Undergrad: 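Supplied in structure tokens, the structure appears directly below.
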2 protein chains.
Amino acid sequence: MAAQQAHYDDNVIAVIQDRLENLNKSERKVAEAILRNPKAATRYSIAALARAADVSEPTVNRFCRSFSATGFPDFKIRLAQSIATGTPYVGKNISQEDSVAEFADKIVFSTIASLDKARQGLSPKALAEAIDHLIQARQINFFGMGGSAPVALDAQHKFFRFNIPVMSYDDSLMQRMVAAGSGTGHVIVVISYTGRTREMVEIAEMARANGATVIGITAPDSPLSKVCSVALEVSATEDTEVYMPMSSRILHLTIIDILATGVTLKRGVDFQPHLKKIKDCLKATRLPVE
Amino acid sequence: MAAQQAHYDDNVIAVIQDRLENLNKSERKVAEAILRNPKAATRYSIAALARAADVSEPTVNRFCRSFSATGFPDFKIRLAQSIATGTPYVGKNISQEDSVAEFADKIVFSTIASLDKARQGLSPKALAEAIDHLIQARQINFFGMGGSAPVALDAQHKFFRFNIPVMSYDDSLMQRMVAAGSGTGHVIVVISYTGRTREMVEIAEMARANGATVIGITAPDSPLSKVCSVALEVSATEDTEVYMPMSSRILHLTIIDILATGVTLKRGVDFQPHLKKIKDCLKATRLPVE
DNA sequence: GGAAAGTGTAGTAATTTTATAAAAATTCTG
DNA sequence: CAGAATTTTTATAAAATTACTACACTTTCC
């Protein structure tokens, strides 16, 4: 039921944007007309779109065909699906003039878009392997520096509930020491958006050399990704680039959620009361619901 | 341009399912034919769907109209949109039997759903006020305990870039001391999923009594929400309940993103080079892209 | 200057919609 | 409770809209 709908991954809007440069004059006019207001485009007839783009109807038709649709109606259906996925804001960067409501929406939508993209890119096989390693671990350590430190800390909070010794480190010296002292049965999860922080790559290598399992949450084909036992790769295109990473850490946290859920599920029903106990013990610290 | 697209609400498939009982014989046949395979239905012509449902073409047309579409093609567009967004949520609860790919998808989709819901619920006015306070702050402190500690830490990482003294605390004693020592010009951002942690509410009250501005990122109508200068309220329905908070912290992080972006924008273009400098200085720690 | 690619016109084919009539279901009356 | 009358529902067929194809003209690039 899940993967069944992954093959609809061809996000037409994104594809149009990709190929925008390689289109000839008229087809480009069509592309621009669609991108100007993709949602409205789904309601247009071929004649209306032709007028909006200031081209002839057959040109629109040819345009649709070139995006591997059987014709205009088919193309509209695909367009409609792309829009629904939450990509209306692709490319629409946040601007100085935006109202709060506007840029807030843009941020949320771009986060949604990244999540959806990441979902398609995640390898279930790698996830399954990672979960298996985590279940068998005698000890788990999460390493994250800078912007990934909060992610590591969050992971610690989650995995702490599993009754396994778990720690997170954001200090490379501590990480180095832990890696040096690791061995078989230790799992080290290294979190790095770029996957190119030299320090982190070295630490990962060291841990592996000592026999520890290294799980990387990082960018595809990065130096870090290559030295890991299991690499969970996500590419976050930070399109709301305001000089700080935003969606990447959300994606990383979601992967942590998936790993934690995987461990919970594999632990089986017997383990649920334990989790409930941890949750319930917080009740004493809370104000009653009036 | 922002609210204009609330298209996540009108999920045609859900509406059809709702109204299934109240339809007459033929229209019901159409409904069932569509529900049998909604995805295929988007490719059918009106004639093909009529045949599949064993009714006449005008019946199909009337059916579409009764679901407030202007006609069959329009209806197909809506259906296409529903499939992309709506279907995944159906039967969203994670079960023991799920494959990794399945529950991973479910987690991502439920996160997306929460984000979209939060987007609709967020008050732009409250956000704008919060941003104004943050810009004028002489000092900012983020408080978060337990699962919210990573969120507070993340906020610290983000706001550190703004050249204001900023710290995060996850220890209630430290928080209490900071609150006690706060005053006018100090902004304290209190992050709490439930908004009912007694300790946090007390601390927030104390800070306010001292003249500090308290921004709360918390649940609507919670005790904490009531004592804040500005309350940013999000209700995260943790539908993937596995006894640990998941989407709530993602929502909180997204709010942090929005606040940080708001501050960046208001600071204006002059400030951008400073952000770029901070980003660039990390380059030295990275391995080159081969 | 000629081949190749690109674009538009006009006519054709497909699809959808409307008008209308027949059938079924429901209600009302005797 | 039968049976006529009305309303609702459904289908046939014609009209209108929409999308597609063939071909001719224009531009661009060797």
Side-chain angles (χ1 to χ4, degrees), chain A residues 12-13 15-83, chain B residues 12 15-16 18-83:
Chain A
V12 186
I13 297 187
V15 177
I16 294 177
Q17 237 155 8
D18 262 19
R19 285 180 44 187
L20 195 62
E21 300 303 320
N22 312 330
L23 292 173
N24 51 43
K25 224 186 326 177
S26 299
E27 298 198 325
R28 187 163 184 162
K29 280 202 249 177
V30 179
E32 278 162 0
I34 292 170
L35 293 176
R36 210 174 301 136
N37 192 350
K39 202 176 160 196
T42 60
R43 300 294 159 106
Y44 284 171
S45 72
I46 193 168
L49 181 55
R51 211 171 330 116
D54 191 35
V55 297
S56 71
E57 298 180 21
T59 301
V60 175
N61 196 283
R62 276 187 289 263
F63 174 87
C64 298
R65 288 244 167 87
S66 79
F67 285 89
S68 60
T70 66
F72 180 70
D74 183 46
F75 179 84
K76 272 205 300 192
I77 297 278
R78 299 200 181 187
L79 189 61
Q81 285 174 330
S82 301
I83 287 171
Chain B
V12 185
V15 177
I16 295 177
D18 261 19
R19 286 180 44 187
L20 196 62
E21 300 302 320
N22 313 327
L23 293 173
N24 54 41
K25 225 184 330 173
S26 296
E27 297 197 326
R28 188 162 182 163
K29 280 202 252 177
V30 178
E32 278 163 359
I34 292 170
L35 293 177
R36 212 175 299 139
N37 193 351
K39 201 171 154 195
T42 60
R43 299 294 159 113
Y44 284 171
S45 73
I46 193 168
L49 181 56
R51 210 170 333 111
D54 191 33
V55 296
S56 74
E57 298 179 21
T59 301
V60 175
N61 195 281
R62 276 188 294 266
F63 174 88
C64 298
R65 287 242 166 87
S66 77
F67 285 91
S68 61
T70 66
F72 180 71
D74 182 47
F75 179 84
K76 273 204 299 192
I77 297 281
R78 301 201 180 187
L79 191 61
Q81 286 176 327
S82 300
I83 287 170

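Everything numeric in this text was worked out from a predicted model, so none of it was measured. Below, chain A is the first sequence line, B the second, and so on; all start at residue 1. When reading the values below, keep in mind they use all heavy atoms of this one structure, side chains included, and skip hydrogens, waters and symmetry mates.
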Undergrad: Please assess Asp74(A) against Arg43(B) for the test side-chain contact (heavy atoms from CB on, under 4.5 Å), listing each intermediate value before the final yes or no.
TA: CA-CA 7 Å; Asp74(A) 183 46; Arg43(B) 299 294 159 113; 3.2 Å; yes
Undergrad: Is the NZ or CZ atom of Arg19(B) both under 6.0 Å from the centre of the six-membered ring of Phe67(B) and within 45° of that ring's axis?
TA: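 Checked: cation-pi criterion met.
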Undergrad: Taking only N and O in the side chain of Asn24(B), is any of them less than 4.0 Å away from OP1 or OP2 of dT8(D)?
TA: no
Undergrad: I need the NZ-C1' distance between Lys29(A) and dG6(C), as an integer number of Å.
TA: 12 Å
Undergrad: Ignoring hydrogens, what is the shortest heavy-atom contact between Asn61(A) and Phe72(A)? Give both atom names and the distance.
TA: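 For Asn61(A) versus Phe72(A), the nearest heavy atoms are ND2-N, 4.3 Å.
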Undergrad: Hey, does the side chain of Arg65(A) reach the backbone of Gly71(A) with a donor-acceptor pair shorter than 3.5 angstrom?
TA: no
Undergrad: Write down the atom of Pro38(B), the atom of Leu79(B), and the distance for their closest heavy-atom approach.
TA: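 So the two residues come closest at O-CD2, 3.8 Å.
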Undergrad: With distance as the sole test, does Arg78(B) use its side chain to make a donor-acceptor pair with the main-chain N or O of Ser68(B) at under 3.5 Å?
TA: yes
Undergrad: Could you tell me the separation between the CZ atom of Arg28(B) and the P atom of dT9(D), rounded to a whole number of Å?
TA: 14 Å
Undergrad: Using five base pairs at each end to define the local axes, how bent is the helix from dG1(C)-dC30(D) to dG30(C)-dC1(D), to the nearest 10°?
TA: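 Axis-to-axis angle, ends of the helix: 20°.
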Undergrad: Do you know which two heavy atoms are closest between Ala41(A) and Lys76(A), and how far apart they sit?
TA: O-CD, 3.8 Å
Undergrad: Quick one: which protein N/O atoms are closer than 3.5 Å to N/O atoms of nucleotides 21-26 of chain C? Pair and distance per line, please.
TA:
| residue | atom | partner | partner atom | Å |
| --- | --- | --- | --- | --- |
| dA25(C) | OP1 | Lys25(B) | NZ | 3.3 |

Undergrad: Which whole-number value in Å describes the distance from Leu23(B) CG to dT8(D) P?
TA: 17 Å
Undergrad: Any side-chain heavy atom of Phe63(A) within less than 4.5 Å of one from Val55(A)?
TA: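 Phe63(A) vs Val55(A): side chains apart.
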Undergrad: Just to confirm, is there a sub-4.0 Å distance from OP1 or OP2 of dT18(C) to any side-chain nitrogen or oxygen of Arg65(B)?
TA: yes
Undergrad: State plainly whether the residues Arg36(B) and Glu32(B) are in salt-bridge range, i.e. N to O under 4.0 Å.
TA: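 Judged by the 4.0 Å cut-off on N to carboxylate O distance, Arg36(B) and Glu32(B) do not form a salt bridge.
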Undergrad: Return the residues of residues 52-64 of chain B meeting this criterion: a heavy atom under 4.0 Å from some atom of DNA chain D. Order them by number, or give none.
TA: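 Val55(B), Ser56(B), Pro58(B), Thr59(B), Arg62(B) - these, ordered by number, are the residues of the stretch whose heavy atoms sit under 4.0 Å from the strand.
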Undergrad: Could you tell me whether the side chain of Thr42(A) and the main chain of Ala80(A) form a donor-acceptor pair under 3.5 Å?
TA: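 A pair under 3.5 Å: no.
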